[in-house]
Visitor: 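Structure in structure tokens, see below.
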There are 2 protein chains.
Amino acid sequence: MTTALTILDEDGADALSLRMLAQRLGSSTATLYRHFENRADLVAQVVDRIIGEIEVDDEEPGATHWQPAVRAAAVSMFKVLSRHRNVAVLLTEQIPTGPNAAVYRERVLALLLAHGFPQSLAPRAYASLARYVLGFAMQLTADRAAKSRDEARTSAALHRIDATRFPATRALADFLPMPIEEEFAFGLDLLLAGLAQMRDQHAET
Amino acid sequence: MTTALTILDEDGADALSLRMLAQRLGSSTATLYRHFENRADLVAQVVDRIIGEIEVDDEEPGATHWQPAVRAAAVSMFKVLSRHRNVAVLLTEQIPTGPNAAVYRERVLALLLAHGFPQSLAPRAYASLARYVLGFAMQLTADRAAKSRDEARTSAALHRIDATRFPATRALADFLPMPIEEEFAFGLDLLLAGLAQMRDQHAET
DNA sequence: ACCTGAACACCGTTCAAGT
DNA sequence: ACCTGAACACCGTTCAAGT
């Protein structure tokens, strides 16, 4: 299992093959089928192990600041997925159903419910946030790969762009390829602002 | 090219292999290397063709309703990625740099700038929205795959969950696995609400 | 009972050899 | 000049044969 994690982190999602794992363990692929049902099962186990690294404050319900707590939960998930930068793609292949995933979901949902989100809102809030983080994390991988290929190429292409056909892009070329972490934080705050508004609207009625 | 698109739509992203394409065209893999630099190039061309299907209103700048226009641009992108449900994964493999991608970005940026978004805000707004849509679209594929395997399994698992350890999840089990399209619309409105707030704050100063 | 080499049906990519 | 069969180095998965 830790060998599998090492392969994923060091050599990427594609390298996490049964052959590679068997080789590193000094075993054979056929033997691995005794420990894992198939590649999907291997992936699921590695994924849940990583999800276990995500931190969520298990605070007393009733504290007044839900926004920092929820933000922290999202940021922690994003950080873990950034640390294991190759895991995001694997999360597309299979929606996590492991025990650690269940714990994470429970904690965040409890947080929302404890802070006055109605039952109709909390699951949607959770789903939006989780998918938001995952969506960004997936693109982090792609981003890193592109960057390692050619850091400035995209930026250069944007500056070379035809100003007549693409005036807006041209005007924003200096801002446009921005660190994905910044985009993540920006969008997360948009979501939280939107959620706060909805919660308060609900509280008024 | 249309053959490649057919393969992608009907048989999935994995099936879009050089061998498969060569076979369908009655040609050989080696010959395809005369038309495409490599698989990534083939993928890039198919991807940009699909991006060309996205609709963005090329309205006069100055109209008062930016929110519906931006929402429509995001929804159209989401719909196209849903129609070609296997393309999302390919967008992770390679960030789109084709001509159609450039046009889409230009239109949305122009829309934001025309409606009073400052230069510091517009690119971040665009980036957040684009990544939001893409992130969801990626999960749409995974979701569909999971569903075709077993529609009700996740829901059932959620209802079977230990109410002592997971009270919040349990309380929300009836709402929790919700149509991803609904989650998408919900989160999109959160983002737009957050953006409206930021734009107005900026206008005040 | 447990393990594994070898097989089967696939990949992307390259290249010598054919027309 | 253009095309391609065959090769090379990989996959996931299975199974007969070994210990």
Side-chain angles (χ1 to χ4, degrees), chain A residues 1-49 86-98 141-142 144-146 148-150, chain B residues 1-49 86-98 141-142 144-146 148-150:
Chain A
M1 265 304 299
T2 59
T3 311
L5 186 56
T6 307
I7 294 172
L8 175 63
D9 285 346
E10 291 178 2
D11 304 293
D14 283 347
L16 184 55
S17 67
L18 291 163
R19 264 191 172 71
M20 174 76 94
L21 183 57
Q23 187 203 307
R24 294 269 184 102
L25 292 172
S27 178
S28 81
T29 56
T31 306
L32 288 179
Y33 278 81
R34 212 156 294 270
H35 299 277
F36 308 106
E37 277 184 36
N38 45 34
R39 184 175 185 267
D41 185 34
L42 162 63
V43 165
Q45 290 194 35
V46 174
V47 162
D48 201 63
R49 195 198 173 293
N86 300 317
V87 80
V89 214
L90 296 179
L91 286 167
T92 337
E93 293 179 16
Q94 206 163 299
I95 285 176
T97 55
T141 320
R144 292 266 179 81
S148 75
R149 252 180 272 138
D150 185 350
Chain B
M1 265 302 299
T2 59
T3 312
L5 186 57
T6 307
I7 294 173
L8 175 63
D9 285 346
E10 291 179 0
D11 303 295
D14 283 347
L16 184 56
S17 68
L18 291 163
R19 265 191 171 72
M20 174 77 92
L21 183 56
Q23 187 203 307
R24 294 270 183 103
L25 292 172
S27 177
S28 82
T29 56
T31 307
L32 287 178
Y33 278 82
R34 211 156 296 269
H35 299 278
F36 308 104
E37 279 185 35
N38 45 35
R39 183 175 186 265
D41 184 34
L42 162 63
V43 165
Q45 291 194 34
V46 175
V47 162
D48 201 63
R49 194 196 175 293
N86 299 317
V87 81
V89 214
L90 296 179
L91 286 167
T92 337
E93 292 179 18
Q94 204 162 301
I95 285 175
T97 55
T141 319
R144 292 265 179 81
S148 75
R149 252 179 273 137
D150 186 349

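Letters A, B, ... mirror the listed sequences (proteins, then strands); counts begin at 1. Since this is a predicted model, take the numbers as computed values, not measurements.
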Visitor: Does Thr31(A) make a side-chain N or O approach to OP1 or OP2 of dC3(C) shorter than 4.0 Å?
Guide: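 Answer no for this pair, as no side-chain N or O of Thr31(A) is under 4.0 Å from OP1 or OP2.
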Visitor: Quick one: are Leu32(B) and Leu25(B) in side-chain contact, heavy atoms under 4.5 Å?
Guide: yes
Visitor: dC3(D), OP1 or OP2 - any side-chain N/O from Arg34(B) closer than 4.0 Å?
Guide: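 For dC3(D), OP1/OP2 do have a side-chain N/O of Arg34(B) under 4.0 Å.
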Visitor: Output the single nucleotide from dC15(C), dA6(D), dT13(D) whose closest atom is nearest the side chain of Ala30(B).
Guide: dC15(C)
Visitor: How close or far is atom P of dG12(D) from atom CG of Leu21(A), stated in whole angstroms?
Guide: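 Interatomic distance, CG of Leu21(A) to P of dG12(D): 10 Å.
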Visitor: To the nearest Å, how far apart are Leu32(B) CG and dT14(C) P?
Guide: 13 Å
Visitor: Expressed in angstrom and rounded to an integer, what is the separation of Arg39(B) atom CZ from dC10(C) atom P?
Guide: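 The answer, rounded to whole Å, is 16 Å.
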Visitor: Heavy atoms, side chains only, cut-off 4.5 Å: are Asn38(B) and Asp41(B) in contact?
Guide: yes
Visitor: Strictly below 4.0 Å: does Ser27(A) bring a side-chain N or O up to OP1 or OP2 of dT4(C)?
Guide: yes
Visitor: Can you tell me how far C1' of dG12(D) sits from CG of Asn38(A), to the nearest Å?
Guide: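 Taking CG of Asn38(A) and C1' of dG12(D), I get 9 Å after rounding.
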Visitor: Within less than 4.0 Å of OP1 or OP2 of dG5(C), is there a side-chain N or O belonging to Ser28(A)?
Guide: no
Visitor: If dC2(C) has a Watson-Crick or G-U wobble mate with both distances under 3.5 Å, name it; if not, just say none.
Guide: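 Result: dG18(D).
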Visitor: How is Asp14(B) classified with respect to the nucleic acid when contacts are heavy atoms under 4.0 Å: base, sugar-phosphate, or nothing?
Guide: nothing
Visitor: Over all heavy atoms of both residues, which pair between Met1(A) and Gln45(A) is shortest? Give the atoms and the distance, please.
Guide: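 Taking Met1(A) first and Gln45(A) second, the nearest heavy atoms are CE-O, 3.6 Å.
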Visitor: dT13(C) phosphate, OP1 or OP2: any side-chain N/O from Tyr33(B) under 4.0 angstrom?
Guide: yes
Visitor: Under a 4.5 Å cut-off applied to non-hydrogen side-chain atoms, are Leu16(B) and Leu90(B) in contact?
Guide: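 Leu16(B) vs Leu90(B): side chains touch.
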Visitor: For the pair made of CD in Glu37(B) and P in dG12(C), what is the distance, rounded to whole Å?
Guide: 16 Å
Visitor: Let's test this: given Watson-Crick or G-U wobble pairing with both distances under 3.5 Å, identify the partner of dC8(C).
Guide: dG12(D)
Visitor: Figure out the CD/C1' separation between Gln23(B) and dC10(C), and round it to whole Å.
Guide: 12 Å
Visitor: Report yes if the side chains of His35(A) and Leu21(A) come closer than 4.5 Å at any heavy-atom pair, otherwise no.
Guide: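 A side-chain contact under 4.5 Å is absent here.
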Visitor: Between C1' on dT4(C) and CZ on Arg19(A), what's the gap in Å once rounded to a whole number?
Guide: 13 Å
Visitor: In whole angstrom, what separates Leu42(A)'s CG from dG12(D)'s P?
Guide: 9 Å
